[in-house]
Trainee: 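Below you'll find the structure I mean.
What you see is a predicted model, and the numbers here were worked out from it, not measured in a lab.
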Amino acid sequence: MSDLLLELGSEELPARVVASGARQLRERVVKALEEARLAHGEAREYGTPRRLAVIVSGVSDRQPDLDKEVMGPPVKAAFDPAGKPTQAALGFARVQGLEVDRLARVATPKGEYLSARVLEVGKPAESLLPPLLKDVIAGLNFPKSMRWGSHSETYARPLIWILALFGEKAVELEYAGVRSGHTSRGHRFLHPDPFPLRAPGEYVAELHKRNVEVDQGARKARIDHLLREVAASQSTEINPKSREALLDEVTNLVEWPSAVGGSFDPKFLQLPREVLLSEMTVHQRYFALGPDAQLLPRFVAIAGTPVRHPTVAAHGFERVLRARLSDAQFFWDEDRKQPLASRVDALGAVLFQQKLGTVLEKVERVTQLADFLAAELGLESVPRERLARAVRLSKADLVTGMVGEFPELQGIMGGYYAEKDGEPAAVQLAIRDQYLPRFAGDALPASIEAVLLGIADRVDTLVGIFGIGKAPTGSADPFALRRACLAVITLTQRWPGALRFGLGRVLEKSLALLAPKLQLGDASTATLDKLREFFRARLKATLAEEFSPELAEAILGAGFDDLWQVRKRAEALAQVMDREDFKLLAVAFKRTASILEKVPADELNGAVEPVRFVDPPEHELWRNYLALKADPRFANDDYQGALEAMGSLKPSIDRFFDKVLVMTDDRPLRENRVRLLDAVRKLFGRVADLSQLSGQVAGEKT
């Protein structure tokens, strides 16, 4: 056994590619080795801006021999009526290197076939690795790939070298005009010349000698240590948001990190802290110092080479930041000279989407949709004028200089400008928080106005983009509709208090507001169906991740128009579904569902008629059904209580199946009995479709 090393050296990779590219390289190499039947030990990935690498320990020197069965032609085609082998049998035997009489006959579901036992002698790893590794490289996928020179092969950036070692031997291959060898390269500036490696085990240490910390974890820990050192020297801390946003990215921007502390003019602290953090963190990749509530006029920059003259290096970082902050100060001062409300009309010149019109038109639609949503929710405590004001001003900051320079601050800057203009606090909060949550686990808005605005804005986008036929396909989602849909679900389910509205009604209202733009006509129903299915898919994904796929199907099978209720039902079902008594109830429900699946729809139409009951179990089931239907736990959204109450019906259902012939030839009697079962199913279905839960269905008397 020998260790295997593959390193792909290139021009600087984007930071977002380093971690995912290294992980993908490791996964593909491991998969390729397993498919080649080459046993191996642990695989470790490495990555820097200039290289992706993987080391696999203990790779077998050769494949094991494989004794396998090869299927041949059907026996009826392999022999003629006289029993003599046909060309099909002769050809198969010749390919396998056997005589016809050495072939076996194997019975299969499709009939009897000829087969041969063949011993495939394992090949040496040295002969397998060159094409295997080349295929691995060719199969790497990046968000954006490049071609260079006259080569047709692609990679994230132009390749410069390929290091491939199996033990102490180089693995010879060529990709995109680059031939592999046994040499690597150190730091671009400190050790630019190629150097040889004798074995994979030397890789990390030899690169470390040449100022490359190739292990991402070690590099990240080194950066974190440097940051803490600088912060401690100034009796403060690294800003938590800055650290969270930058540490992983900066780790993949450098090969040999060193820290440089710098400062900026304290006068810039009068700028909103989001502006300062955005400028330092997003634009310059500097770590801010101080907690959110008290940022300091200092920062830490991470350089990719040892810093010989810290003061000179700090001046360079400071000069760049000073210019950027001066621009931000200019925009801040200029933007506040004009009231936010006076900018709204300018949105008429900002295109939202070519077929859907301008941002101003979108604002007008969202205003009406937010008002409709408030009415659906019965939110009488929310003044409609205040809500309309918040929506009208919500996008006005898009035409300010600050948001033009810092697009990531849209909404946030609008909140500051609204505060300066003396707008009501609820309006300020709604504008500021309208884009929350931006991602899973993000904070929720601080006001109900922001929630209504956020839902209405996203629904308008979803309905509009679906209406023009631009729904997400595969991994492509240029309008971030999946994120918008998840945000609507999160706002509805996580906001304190019950936000209960009919999803279908809100979608229909939005579609009606967009009708002049879309002109869908008869296609509107299909659009709504696609939107509902889109919401269902997102709900299923979130429920399956938090609970289980089985629970997700059971909950969604009972409907999902009330998004708030979906989560409450899921939480309740999760509490009881693993209990043995509830599993038995699910089995009883499955028996009910399996019978009803066989019943024509017309036989289910109509009411249950107790006067037609013949057997005592019919009366018993009906009586207990009515008692359960009247249970206040169903009406009071006590879904766990309702699920537990359902258990009381199980004995009646069991006796009904044991003693009653449901599918009798007497049609009126049969219809009455299946309608009784259907009533039970619908009552259970107010919480979950229990037929989706696991459990074997016993044979029922039908």
Side-chain angles (χ1 to χ4, degrees), residues 504 525 529 532-533 536 540 549-562 565-566 569 573 576-577 581-631 634 639 642-643 645-702:
T525 300
D529 288 343
R532 290 190 184 95
E533 185 56 35
R536 190 187 194 283
K540 181 179 178 180
E550 184 183 49
L551 179 143
E553 284 296 346
I555 292 299
L556 297 177
F560 57 92
D561 193 59
D562 185 337
Q565 185 197 72
V566 164
R569 291 190 283 119
L573 183 57
V576 301
M577 66 180 291
D581 59 336
F582 191 79
K583 290 180 180 179
L584 294 174
L585 177 62
V587 170
F589 188 85
K590 278 177 175 285
R591 297 178 70 181
T592 303
S594 66
I595 288 177
L596 294 176
E597 286 175 0
K598 308 168 188 175
V599 179
D602 62 307
E603 293 193 19
L604 296 176
N605 295 330
V608 177
E609 300 179 46
V611 295
R612 292 187 179 275
F613 294 155
V614 175
D615 299 320
E618 293 178 271
H619 291 281
E620 178 189 352
L621 181 57
W622 176 248
R623 185 170 57 254
N624 291 339
Y625 158 77
L626 291 177
L628 183 60
K629 185 179 181 182
D631 193 305
F634 280 91
Y639 300 111
L643 285 166
M646 289 177 188
S648 66
L649 212 57
K650 183 186 180 300
S652 300
I653 296 174
D654 288 343
R655 278 189 287 272
F656 181 86
F657 283 129
D658 290 341
K659 304 296 183 182
V660 176
L661 179 63
V662 179
M663 305 305 286
T664 176
D665 292 335
D666 185 333
R667 176 161 181 166
L669 191 58
R670 181 178 70 246
E671 289 180 349
N672 201 50
R673 288 172 175 172
V674 296
R675 288 169 186 168
L676 173 57
L677 289 177
D678 193 41
V680 172
R681 177 175 66 174
K682 289 176 179 175
L683 179 61
F684 281 38
R686 289 165 61 176
V687 182
D689 178 4
L690 301 187
S691 67
Q692 298 294 332
L693 301 181
S694 61
Q696 297 299 315
V697 180
E700 58 267 355
K701 181 181 178 182
T702 60

Trainee: Kindly assign one of parallel, tilted or perpendicular to the pair Phe613 and His619, based on the angle between their ring planes and the thresholds 30° and 60°.
Mentor: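 It falls in the perpendicular class, over 60°.
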
Trainee: To the closest 0.5 Å, what do you measure between NZ (Lys540) and CZ (Phe560)?
Mentor: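 Atom-to-atom, Lys540:NZ and Phe560:CZ are 12.0 Å apart.
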
Trainee: Go through it in stages, so that I can follow the logic: the residues are Phe589 and Val680, the test is side-chain contact (heavy atoms from CB on, under 4.5 Å), and I'd like the CA-CA distance, side-chain angles, deciding distance and then a yes or no.
Mentor: CA-CA 9 Å; Phe589 188 85; Val680 172; 5.6 Å; no

Trainee: Determine the minimum heavy-atom distance between Leu628 and Ser648, stating which atoms define it.
Mentor: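 Distance-wise, the nearest heavy atoms are CD1-OG, 4.4 Å.
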
Trainee: Does the pair Asp529 and Arg532 meet the rule for a salt bridge (charged side-chain N to carboxylate O under 4.0 Å, His left out), with working shown?
Mentor: CA-CA 5 Å; Asp529 288 343; Arg532 290 190 184 95; 3.5 Å; yes

Trainee: Donor-acceptor pair, distance only, cut-off 3.5 Å: does the side chain of Arg670 make one with the backbone of Thr664?
Mentor: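 Answer holds: yes.
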
Trainee: Can you check whether Val614's main-chain N or O pairs, donor with acceptor, with Glu618's side chain at less than 3.5 Å?
Mentor: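 Present.
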
Trainee: Met663 and Val674: side-chain contact (heavy atoms from CB on, under 4.5 Å), yes or no, with the steps?
Mentor: CA-CA 8 Å; Met663 305 305 286; Val674 296; 4.1 Å; yes

Trainee: Using side-chain contact (heavy atoms from CB on, under 4.5 Å), reason through Phe684 and Leu649 one step at a time and then give a plain yes or no.
Mentor: CA-CA 10 Å; Phe684 281 38; Leu649 212 57; 3.6 Å; yes

Trainee: Does Leu690 form a side-chain contact (heavy atoms from CB on, under 4.5 Å) with Lys590? I'd like the steps, not just the answer.
Mentor: CA-CA 7 Å; Leu690 301 187; Lys590 278 177 175 285; over 6 Å; no

Trainee: Step by step, work out the salt bridge (charged side-chain N to carboxylate O under 4.0 Å, His left out) result for Asp678 and Arg681.
Mentor: CA-CA 5 Å; Asp678 193 41; Arg681 177 175 66 174; 2.8 Å; yes

Trainee: Would you call Asp615 and Arg673 a salt bridge, taking side-chain N to carboxylate O under 4.0 Å as the test?
Mentor: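 Arg673 and Asp615: salt-bridged.
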
Trainee: To the nearest 0.5 Å, what is the distance between CZ on Arg675 and CG on Leu596?
Mentor: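 With rounding to 0.5 Å, CZ (Arg675) is 12.0 Å from CG (Leu596).
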
Trainee: For Ile555, is there any backbone N or O sitting under 3.5 Å from a side-chain donor or acceptor partner on Arg569?
Mentor: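 At least one qualifying donor-acceptor pair exists.
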
Trainee: Below 4.0 angstrom, N of the basic side chain to O of the carboxylate: do Lys650 and Asp654 qualify?
Mentor: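 A salt bridge is present here (some side-chain N lies under 4.0 Å from a carboxylate O).
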
